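Counting starts at 1 for both ligands and their atoms, in listed order. Note that these values count all heavy atoms, side chains included, but never hydrogens, waters or copies made by symmetry. It should be emphasised that the depicted structure is a prediction, and the values quoted were computed from it without experimental measurement.
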Amino acid sequence: MQKPISTIVVLGAGSAGLLAALTLKKKLPAMVTVRILRSPRIGIIGVGEGTTPNFPSFLFDYLKLDQERFFREVHPVWKRGIHFIWGPRGEFPYAFGNHYSVSDTGFSRSNGFYSWEKPYESGFIGRLMQQRKVFLPDENNQPRIDDSYGFHLENPRLVAWLEGEAKRAGVTITDAEITDAARDGEHITHLTLEDGGTVQADFYVDASGFRSELLRGILEEPFESFADSLICDRAVVGGWERQEGDPIQPFTTAETMPAGWSWRIDHRHHVNRGYVYSSAFTSDEEAERVFRERNPLVKQTRVVPFISGHYRRSWVGNVCAVGNSAGFVEPMEATALMVLCMELRALAASLLEGRLEVRQTLADLYNRFSASVWEEIRSFLMIHYKFNTLMDTPFWKHCHELPLSPDAARMVTFYQENGPSSFAHDMLLPRASQFGIEGWWALLVGQRVPWKNQPVSPQERQRWAERQLRLERAVQMSLTTEQALAIVDDPAYWQAAATSQVA
Ligand SMILES: Cc1cc2nc3c(=O)[nH]c(=O)nc-3n(C[C@H](O)[C@H](O)[C@H](O)COP(=O)(O)OP(=O)(O)OC[C@H]3O[C@@H](n4cnc5c(N)ncnc54)[C@H](O)[C@@H]3O)c2cc1C
């Protein structure tokens with residue numbers, strides 16, 4: 001009989017390693033020790049600043065971390081969606097929450113059918129984004145924080161806070177560089193440190209970033225590259241201090257660029273920008289020149305190379321890789337932290353289900369789940385490229401000609417025949433889909449991909465216009481990010497929240 005896991009070593013202390021250690025320490029029985037090894041010389045990648053809504057829910061509902069401390073130490077800003085400067089309309093929103101696939105009372109079809117001309121008007125969060133507002137106030141003029149938001153986070157602050165939380169939970173952190181490891185088939189038996197010492201554990205989490213020291217380096221797991229469908233492979237990154245009077249935008253911006261696209265992420269005191277591009281279509285020098293031309297306030301820049309794809313299996317023997325060491329795609333939809341949360345929930349649940357034994361059937365299931373998550377992301381990102389006709393450069397011409405994956409093609413065909421319908425959600429998408437039908441319809445309606453004509457009656461059109469007036473009134477009274485932050489930064493806000501929870 002197999003010995004249950006009682007010692008876990010996590011290799012790496014970027015956001016992936018720290019969150020993995022925290023999750024396993026909090027979710028597995030207390031007798032399991034969790035130790036992090038990290039190399040200060042190698043350091044962390046230091047990018048990764050936008051999240052999806054599953055991230056706050058992972059931190060506060062699943063891990064039950066302290067929200068007040070998070071706000072005080074990390075200084076997050078809320079993200080209500082992505083503002084795309086993209087496609088034949090020039091711009092459109094991907095608003096979090098229900099935007100297209102729900103039907104408001106009194107309408108015969110889902111909201112997407114009435115939003116063809118004005119996609120921002122489909123739902124309340126789109127309207128908020130359009131007017132740079134973030135939350136409706138409640139009766140006490142406090143932000144009514146629903147669950148349809150992600151965060152903009154400064155990576156070093158996030159990592160410092162996670163380190164404190166991990167230590168508080170009982171994780172030990174050791175500065176040590178791994179230079180080698182010994183394996184017996186698909187099991188790692190020990191790690192070798194730079195000083196010649198060894199470290200042994202029952203289970204290893206490889207969170208060593210793009211180096212993927214254990215999964216790729218020692219276990220030699222093959223890599224499934226997405227380079228034939230997602231052709232960007234580098235980013236030039238920079239930013240500047242926020243200027244007086246420049247409002248904090250409650251969304252990430254994704255903007256079409258000659259050989260790729262560019263993000264803008266707003267933090268409280270500075271703005272972070274990056275140009276993601278394909279090295280087959282532009283050079284580092286030209287990308288930097290265009291990036292600076294568009295963003296004259298940018299100070300220092302750096303180029304970050306990356307490879308899109310994932311390892312065929314991320315859990316092999318007694319090693320599970322998470323974060324960038326398991327897979328990565330360009331940050332268009334802020335998927336890295338999103339996937340990490342999904343991976344960690346599944347890993348903790350699998351180890352608990354297996355009574356802390358490494359069971360092949362559970363590892364197989366985990367790997368199938370993880371591969372299907374990556375496959376959906378690849379398909380979803382492909383439609384961003386296929387239908388964006390805003391620029392006609394060689395890069396974009398090439399993207400338009402790339403064939404869609406079978407999953408993406410199936411979604412597009414369904415939409416072309418049936419419109420942005422809420423029907424068949426579970427039948428069309430994988431159960432674990434994080435974008436859901438909302439994400440797909442946001443990108444297809446947003447990029448003006450037509451569906452079979454299904455006219456809207458004049459009566460419904462009139463009712464839709466009346467609905468817009470109601471939404472407009474609600475947006476007018478809503479709070480800006482600056483107003484909402486001023487409330488949440490006041491300790492009285494958290495005291496009142498704690499009191500209302502006790503009551
Ligand atoms: C251009 C770009 C933009 C991105 N934007 C986003 C975004 O908006 N949203 C998002 O969710 N994600 C984004 N990401 C992904 C982001 O990198 C990850 O979300 C996140 O930072 C996780 O990194 P990590 O912990 O896997 O790796 P890293 O931060 O690289 O950490 C690796 C750790 O392993 C340690 N290590 C490595 N080798 C050894 C060794 N031999 N011995 C000991 N220790 C070792 C290192 O010291 C470090 O502690 C972006 C990525 C790129 C490239």
Problem set entry | Glu286, CD: over 12 other non-hydrogen atoms inside 6.0 angstrom | yes
Seminar exercise, completed: Looking only at protein heavy atoms, what sits closest to atom 30 (O) of ligand 1 is Ile45 N, 3.4 Å
Exercise. Which option out of Ile265, Leu214, Val10, Val47 puts a heavy atom nearest to atom 16 (C) of ligand 1?
Worked result: Val47
Seminar exercise, completed: The atoms of ligand 1 lying under 4.0 Å from a heavy atom of Trp263, numbered in the order shown, are 1 (C), 3 (C)
Exercise. Between Phe328 and ligand 1, does any nitrogen or oxygen pair lie at a separation below 3.5 Å?
Worked result: no
Exercise. Near Val304, which atoms of ligand 1 are under 4.0 Å from a heavy atom of that residue?
Worked result: 53 (C)
Exercise. Closest non-hydrogen protein atom to atom 27 (O) of ligand 1, residue and atom name please, with distance?
Worked result: Gly209 CA, 3.5 Å
For this session: Report yes if Ser325 has an N/O atom closer than 3.5 Å to an N/O atom of ligand 1; otherwise report no.
Result: no
Exercise. Which of the listed options, Arg41, Glu213, Glu333, Arg302, holds the heavy atom that is closest to atom 40 (C) of ligand 1?
Worked result: Glu213
Problem set entry | Distance, nearest 0.5 Å, that separates CD of Gln130 from CZ of Arg80 | 15.0 Å
For this session: May I ask you to identify, for Glu49, whether its side chain, its backbone, both or neither come under 4.0 Å of ligand 1 on a heavy-atom basis?
Result: backbone
Report all side-chain donor-acceptor pairs from residues 342-352 shorter than 3.5 Å, counting only partners two or more places apart or in another chain.
| residue | atom | partner | partner atom | Å |
| --- | --- | --- | --- | --- |
| Glu343 | OE1 | Gly323 | N | 3.3 |
| Ser350 | OG | Ala346 | O | 2.7 |

Problem set entry | Carboxylate-amine/guanidinium contact Glu293 Arg289, below 4.0 Å | yes
Exercise. By number and element, which atoms of ligand 1 are closer than 4.0 Å to a non-hydrogen atom of Ala235?
Worked result: 1 (C)
Exercise. Is the shortest distance from a heavy atom of Asn155 to ligand 1 less than 4.0 Å?
Worked result: yes
Problem set entry | Proximal ligand 1 atoms for Leu11, defined as those under 4.0 Å from one of its heavy atoms | 42 (N), 43 (C), 44 (N)
For this session: Would you check whether Gly50 has a nitrogen or oxygen atom less than 3.5 angstrom from a nitrogen or oxygen atom of ligand 1?
Result: yes
Problem set entry | Result of checking Thr7, Leu193, Thr174, Leu11 against Val199 for side-chain contact (heavy atoms from CB on, under 4.5 Å) | Leu193
Problem set entry | Shortest protein contact, atom 5 (N) of ligand 1 (heavy atom only) | Pro331 CB, 3.3 Å
Problem set entry | Straight-line distance of His384 NE2 to Trp261 CH2, nearest 0.5 Å | 9.0 Å
Exercise. Centres of the Phe60 and Phe70 rings: under 6.0 Å?
Worked result: yes
Seminar exercise, completed: Closest heavy-atom approach to atom 44 (N) of ligand 1 among Cys341, Ser39, Gly217 is made by Ser39
Problem set entry | Atom indices of ligand 1, in the order listed, that fall short of 4.0 Å to a heavy atom of Ala207 | 32 (C), 33 (C), 34 (O)
Problem set entry | Proximity flag Phe55 to ligand 1, non-hydrogen atoms under 4.0 Å | no
Exercise. Looking at Phe281, is Lys397 sitting on its ring face, NZ or CZ under 6.0 Å from the six-membered ring centre and within 45 degrees of the normal?
Worked result: no
Exercise. Could a heavy atom of Pro40 be found less than 4.0 Å from some atom of ligand 1?
Worked result: no
For this session: Please examine the side chains of Pro258 and Val290, heavy atoms only from C-beta on, and report whether any two atoms are closer than 4.5 Å.
Result: yes
Exercise. Of the listed options (Ser15, Ser208, Gly150), which comes nearest to atom 22 (C) of ligand 1 when hydrogens are ignored and any heavy atom counts?
Worked result: Ser15
Exercise. Closest non-hydrogen protein atom to atom 14 (N) of ligand 1, residue and atom name please, with distance?
Worked result: Gly48 CA, 3.7 Å
Exercise. If you count the atoms of ligand 1 from 1 in the order shown, which ones are under 4.0 Å from a heavy atom of Arg38?
Worked result: 43 (C), 44 (N)
Exercise. If you count the atoms of ligand 1 from 1 in the order shown, which ones are under 4.0 Å from a heavy atom of Arg211?
Worked result: 37 (C), 38 (N)
Exercise. What is the closest protein heavy atom to atom 25 (O) of ligand 1, and at what distance does it sit?
Worked result: Ala16 N, 3.1 Å
Problem set entry | Contact (N/O only, under 3.5 Å) between Gly17 and ligand 1 | no
For this session: Starting from atom 42 (N) of ligand 1, locate the nearest protein heavy atom and write down its residue, its atom name and how far away it is, to 0.1 Å.
Result: Ile178 N, 2.9 Å
Seminar exercise, completed: So CG of Leu65 and CD of Glu165: to nearest 0.5 Å the spacing works out to 5.0 Å
For this session: Only pairs at least two apart or in different chains count here, so list each salt bridge (charged side-chain N to carboxylate O under 4.0 Å, His left out) that has a residue in residues 5-24.
Result: none
Problem set entry | Contact atoms of ligand 1, heavy-atom distance to Ile42 under 4.0 Å | 38 (N), 39 (C), 40 (C), 41 (N), 47 (O)
Problem set entry | Any N/O pair Ala13/ligand 1 closer than 3.5 Å | yes
Problem set entry | For atom 11 (O) of ligand 1, the protein heavy atom that lies nearest, with its residue and separation | Leu337 N, 2.8 Å
Problem set entry | Close approach of Thr51 to ligand 1, heavy atoms, under 4.0 angstrom | no
For this session: Consider every N or O of Met338 and every N or O of ligand 1, then say whether any pair is closer than 3.5 Å.
Result: no
Exercise. Under 6.0 Å from the CZ atom of Arg368, do we count more than 12 heavy atoms belonging to anything else shown?
Worked result: no
Seminar exercise, completed: Nearest non-hydrogen protein atom to atom 18 (C) of ligand 1, with distance, is Asn324 OD1, 3.8 Å
Problem set entry | Polar contact flag for Gly12 and ligand 1 (N/O pairs, less than 3.5 Å) | no
